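Structure record follows, encoded as structure tokens.
The shown structure was predicted, so the numbers you read here are calculated from the model rather than taken from an experiment. Both counts, for ligands and for their atoms, begin at 1 and track the order of listing. Just the heavy atoms: all of them, side chains too, but no hydrogens, waters or symmetry mates, feed the values below.
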Amino acid sequence: MDASASAIGLEVLREGGNAADAAVATAAALGVTEPYSAGIGGGGYFVYFDAATGEVTTIDGRETAPATMPTDAFIDPATGRPYPFANAVSSGLSVGVPGTLATWEAALDRFGTESLRDILEPSVLLATKGFTVDQTFRQQTLDNKARFAAFPDTAELFLPDGDAPQVGSVFKNLDLAATLRTIALKGTDEFYAGPMADEIADLVQEPRKDPASPLPAPPGFMTADDIAAYEVLEQAPTHVEYRGLDVYGMAPSSSGGTTVGESLNILENYDLSADDIGQSLHLYLEATAHAFADRNAYVGDPAFVDVPTETLLSQDFADARACEIDPAQASTRPVPAGDLEAAGCAAVALDEREDTENVSTTHLSVVDQWGNAVAYTLTIEQTGGSGMTLPGRGFLLNNELTDFSFSPSETDPNTVEPGKRPRSSMSPTIVLEDGAARFVVGSPGGSTIITTVVQILMNRIDLGMTLPEAVAAPRAAQRNTVNTTAEPEFIAAYAGDLAPFGQPLVPSGDQFTSAAQIGAAAAIEVDSSGLMTAAAEPVRRGGGTGLVVEPAG
Ligand code: GLU
């Protein structure tokens, strides 16, 4: 996470604000300094632990599909086949109704002590004064240069003089400052029921593209009514017990909570340790492969499909999955999804599905002086979202609807439907010990978010690492594909340990950049004396920031 955003959150805590206040202030600041990952054009999931009541609650601020979006919207009428993924990303079609501002408002209303107006103030200032461009920001801009150049409003903002801002220069966003100021003064209706709603709908229906650009940028279906109808959902978190700890996460529409939970429940069947690292990592890869099979088969927006959340989180189901895992040998993947009815070892067949989520997004973790905690992951989906900036408003619109499966299918829980939320992998996670916050963790990284969170928890709880070590350690992500994608450092360190188990590793990467890094976590640990450790990435994405109000020692 970004240093100036962390500093803004810390200031809120220092002045007596609680974790929810600080989380919203930090998220707003991230919208300024990480505009390709966060911001009011997107959505996210907010998990809150209230120390006074001992309760964990969540806000689902996921984007929704427009009310008139047809199930075959991602089939190109010209070819009868799904749009190539990259063409679908940079489009009006991919834009979901944004949920971020509604999330901030709900979080402050329900859990916070301060007004949105006050909380937005430091971000207005930050956008006005600007921030210093680092290598990550420049590189992310360059990675998006071709498509940003296709949208003149985006090029004007992010490619001044036709180039990505130079490292060390100051990047100001006066349009965003004005937008945030207007919302601070007049409220979120400015966005959801005012002029901005009309502007968003217009842009989605008619992308403002450079006519010379070859990008097809197909239009979408969103109307101002869709935006006015947007609502966040308050719902119970997912819960599993792991090694005597209570692990809470985000229920569907995110697959994060059920898939992290099922993976941990499977791992609960084994003793994991650093002494037998090959065995432990093999079981980790098998656990997530099996949990991903179930995620792909069963998880979608519960308002539209019957998601067996309780079964997916049950220890019995996980135990049955574990008995299909060979402790000595990698499974033949894709493994079939588990049979929800059968006890013991049984499975139904399922095809391998393509995974198209990408590596945008940002995660923040907060614990305050009272022990309240927030895990909040927010995103505009791809780095740079849809590539379309709302003219004169200074923020990018998301491409979250590309998280849907493109080809309609009656058996796919993640098929496009009007008003539906696309399945997410975001996994903001709060772990309690004896009713108090012990760990807060989350990450960006598309579907690797899930494996990243599981791996960090395993590193810390089972493999004897400290929290900073658990976050920094090299990562691998097994999502029920034949090969396991792994960071080069993971391959260098563990390929030999995993070879006897027949676990094929391939270097990670992604289609828009050459980045081989998996995730970018932000985590907090609170020990039994109340001492907090805030751990951010030392290297990934140029490094993150973890701060505490009163540093020890
Ligand atoms: N759209 C992704 C999801 O909801 C997150 C994007 C990312 O982290 O790269 O799972």
Side-chain angles (χ1 to χ4, degrees), residues 1 27 30 34 36-39 41-47 58-65 85-86 88-89 94-100 103 136 140 143-144 249-260 292 295-296 299-301 353-364 375-386 396-406 413-414 416 420-429 441-454 475 477 479 485 508-513 515 517-522 537 540-541 544:
M1 196 170 61
L30 286 171
E34 294 186 3
Y36 307 145
S37 302
Y45 297 96
F46 193 103
V47 181
T58 73
I59 300 171
D60 176 330
R62 184 68 160 170
E63 297 90 333
T64 59
F85 187 71
V89 166
S94 69
V95 182
V97 181
T100 289
T103 304
T136 302
Q140 288 181 338
D143 290 341
N144 279 287
M250 198 64 224
S253 56
S254 183
S255 61
T258 56
T259 315
V260 168
F292 263 84
R295 163 199 186 265
N296 293 347
V299 181
D301 181 347
R353 290 226 172 91
E354 201 188 344
D355 223 319
T356 48
E357 291 140 302
N358 210 267
V359 292
S360 175
T361 310
T362 192
H363 173 84
L364 59 102
Y376 182 26
T377 313
L378 64 162
T379 188
I380 59 172
E381 214 313 86
Q382 296 278 318
T383 304
S386 64
L396 287 154
L397 295 178
N398 70 82
N399 66 297
E400 214 71 51
L401 302 186
T402 60
D403 274 358
F404 280 121
S405 306
F406 281 18
N414 196 33
V416 178
K420 192 176 180 179
R421 284 158 150 84
R423 176 176 61 210
S424 170
S425 299
M426 289 189 272
S427 309
T429 303
V441 58
S443 176
S447 57
T448 68
I449 292 171
I450 291 167
T451 57
T452 293
V453 168
V454 173
R475 297 195 185 119
R479 292 160 290 163
T485 43
S508 48
D510 74 70
Q511 67 191 101
F512 282 6
T513 73
Q517 297 163 349
I518 296 179
E537 296 286 355
R540 293 182 184 93
R541 275 216 212 165

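- The OG1 atom of T383 lies 6.5 Å from the CG atom of N144; values are rounded to the nearest 0.5 Å.
- The side chain to side chain contact (heavy atoms under 4.5 Å, CB included) search around T485 returns A477, R479, V506, S508, not counting sequence neighbours.
- Below 3.5 Å of separation, one finds an N or O of S424 facing an N or O of ligand 1.
- Shown in contact with T379 at under 4.0 Å from a heavy atom are these atoms of ligand 1, numbered in order with element: 6 (C).
- Between the side chain of N398 and the backbone N or O of P98, no donor-acceptor pair lies under 3.5 Å.
- Applying the side chain to side chain donor-acceptor pair (under 3.5 Å) test to S253 and every residue at least two apart in sequence or in another chain returns Y45, D60.
- In the vicinity of T361, heavy-atom distances shorter than 4.0 Å reach the ligand 1 atoms 5 (C), 6 (C), 7 (C), 8 (O), 9 (O).
- At a 4.0 Å heavy-atom cut-off, ligand 1 does not touch H363 at all.
- Interface of D403 with ligand 1, defined as ligand atoms under 4.0 Å from a residue heavy atom, comprises 1 (N), 2 (C), 3 (C), 4 (O), 10 (O).
- Under 4.0 Å from ligand 1, the heavy atoms of E400 that appear belong solely to its side chain.
- In terms of polar-atom proximity, G445 is counted as a contact of ligand 1, with an N or O under 3.5 Å from an N or O of the ligand.
- At under 3.5 Å, not a single nitrogen or oxygen of I449, backbone or side chain, sits near a nitrogen or oxygen of ligand 1.
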- Step by step, work out the side chain to side chain contact (heavy atoms under 4.5 Å, CB included) result for R295 and S447. CA-CA 11 Å; R295 163 199 186 265; S447 57; 4.1 Å; yes
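- Taking 4.5 Å as the limit, every side-chain heavy atom of R62 sits out of range of all side-chain heavy atoms of V97.
- Not a single heavy atom of R423 sits less than 4.0 Å from an atom of ligand 1.
- Looking at heavy atoms from C-beta onward, E381 lies in side-chain contact with T402 at the 4.5 angstrom threshold.
- For ligand 1, the atoms sitting less than 4.0 Å from at least one non-hydrogen atom of M426 are 4 (O), 10 (O), numbered in the order shown with element in parentheses.
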